[in-house]
Colleague: 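Structure incoming, see below.
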Amino acid sequence: MKTIGRHLIAEFYRCETGLLDDTGGIRRLMLETAEIIGATVMGASFHRFTPQGVSGTVVISESHLSIHTWPEYGYVAVDIYTCGGLDPRPGFEHLREQLGAESSRVQEILRGLPEEMAAHQQPLADDIRITTRTVPLSQVSPDA
């Protein structure tokens, strides 16, 4: 199997705060998100903090999804990392809608072995504003 993966690092702002402190609701939402992107769920773990907030991870055979909520700020941070050709972007859209986010931000990072990355040459989506590209360390100037 190739190592090429897509990693979304997302932030959601001014979300509906009721869900953000509900461990069961966040768990259901993340499992739904895994299903929407076509992932195979291997396990999940979620924890509610005192006085508030939920963190959790869904392990999928294609990598993982993680979430951290701050109900007091209406803020949610999410990672969705997939390999095996799965597109994580429908999961991002589902989360944005279900969290009731007034705004959001997402970064997409293509990950994998350098030789596979060079051959991949996937065009970037029109809606991606921030892209992280990697270069071999030998090409990075110590003065940069």
Colleague: Going only through I, L, V, M, F, W and Y residues with side-chain contacts under 4.5 Å, is there a path from L8 to L86?
Modeller: no
Colleague: Could you tell me if the side chain of E62 sits less than 4.5 Å from the side chain of T40, heavy atoms only?
Modeller: yes
Colleague: Could you tell me whether the side chains of S55 and H68 share a donor-acceptor contact shorter than 3.5 Å?
Modeller: yes
Colleague: Drop me the distance from I67's CD1 to D79's CG, to the nearest 0.5 angstrom.
Modeller: 10.5 Å
Colleague: List the atom of I37, the atom of G91, and the distance in Å for their closest heavy-atom pair.
Modeller: CG2-N, 3.5 Å
Colleague: Under a 4.5 Å side-chain heavy-atom rule over Ile, Leu, Val, Met, Phe, Trp and Tyr, are I36 and M30 clustered together?
Modeller: no
Colleague: Enter the distance from T23:OG1 to R28:CZ here, rounded to the nearest 0.5 Å.
Modeller: 10.0 Å
Colleague: Flag the pair L110 / I4 as yes when at least one side-chain heavy-atom distance between them is below 4.5 Å, and no otherwise.
Modeller: no
Colleague: Got a second to check how far I26's CD1 is from L31's CG, nearest 0.5 Å?
Modeller: 11.5 Å
Colleague: Tell me whether the guanidinium CZ or amine NZ of R111 lies under 6.0 angstrom from the six-membered ring centre of Y81 and within 45° of its axis.
Modeller: yes
Colleague: Quick one: do F46 and V59 end up in the same hydrophobic cluster if we chain Ile, Leu, Val, Met, Phe, Trp and Tyr together by side-chain heavy atoms under 4.5 Å apart?
Modeller: no
Colleague: If I take atom CZ from residue R6 and atom SG from residue C83, how far apart are they, to the nearest 0.5 angstrom?
Modeller: 12.5 Å
Colleague: Under a 4.5 Å cut-off applied to non-hydrogen side-chain atoms, are S63 and T82 in contact?
Modeller: no
Colleague: Taking C-beta and beyond as the side chain, do S66 and T57 meet within less than 4.5 Å on heavy atoms?
Modeller: yes
Colleague: Which heavy-atom pair separates G53 from D21 by the least distance, and what is that distance?
Modeller: N-OD1, 2.7 Å
Colleague: Nearest 0.5 Å, please: how far is CZ in F12 from CD in Q98?
Modeller: 11.0 Å
Colleague: List the atom of S104, the atom of R96, and the distance in Å for their closest heavy-atom pair.
Modeller: OG-CD, 3.2 Å
Colleague: Starting from W70, walk the hydrophobic network (Ile, Leu, Val, Met, Phe, Trp, Tyr; side-chain heavy atoms closer than 4.5 Å) and list everyone else you reach, by chain and number.
Modeller: Y13, Y73, Y75
Colleague: Take E32 and H94 through the side chain to side chain donor-acceptor pair (under 3.5 Å) test and state the conclusion after the steps.
Modeller: CA-CA 9 Å; E32 285 173 7; H94 177 69; 3.0 Å; yes
Colleague: Between M42 and I60, which heavy-atom pair has the shortest distance, and what is it?
Modeller: CG-C, 3.8 Å
Colleague: Closest approach of E16 and G100, non-hydrogen atoms and distance?
Modeller: OE2-CA, 3.9 Å
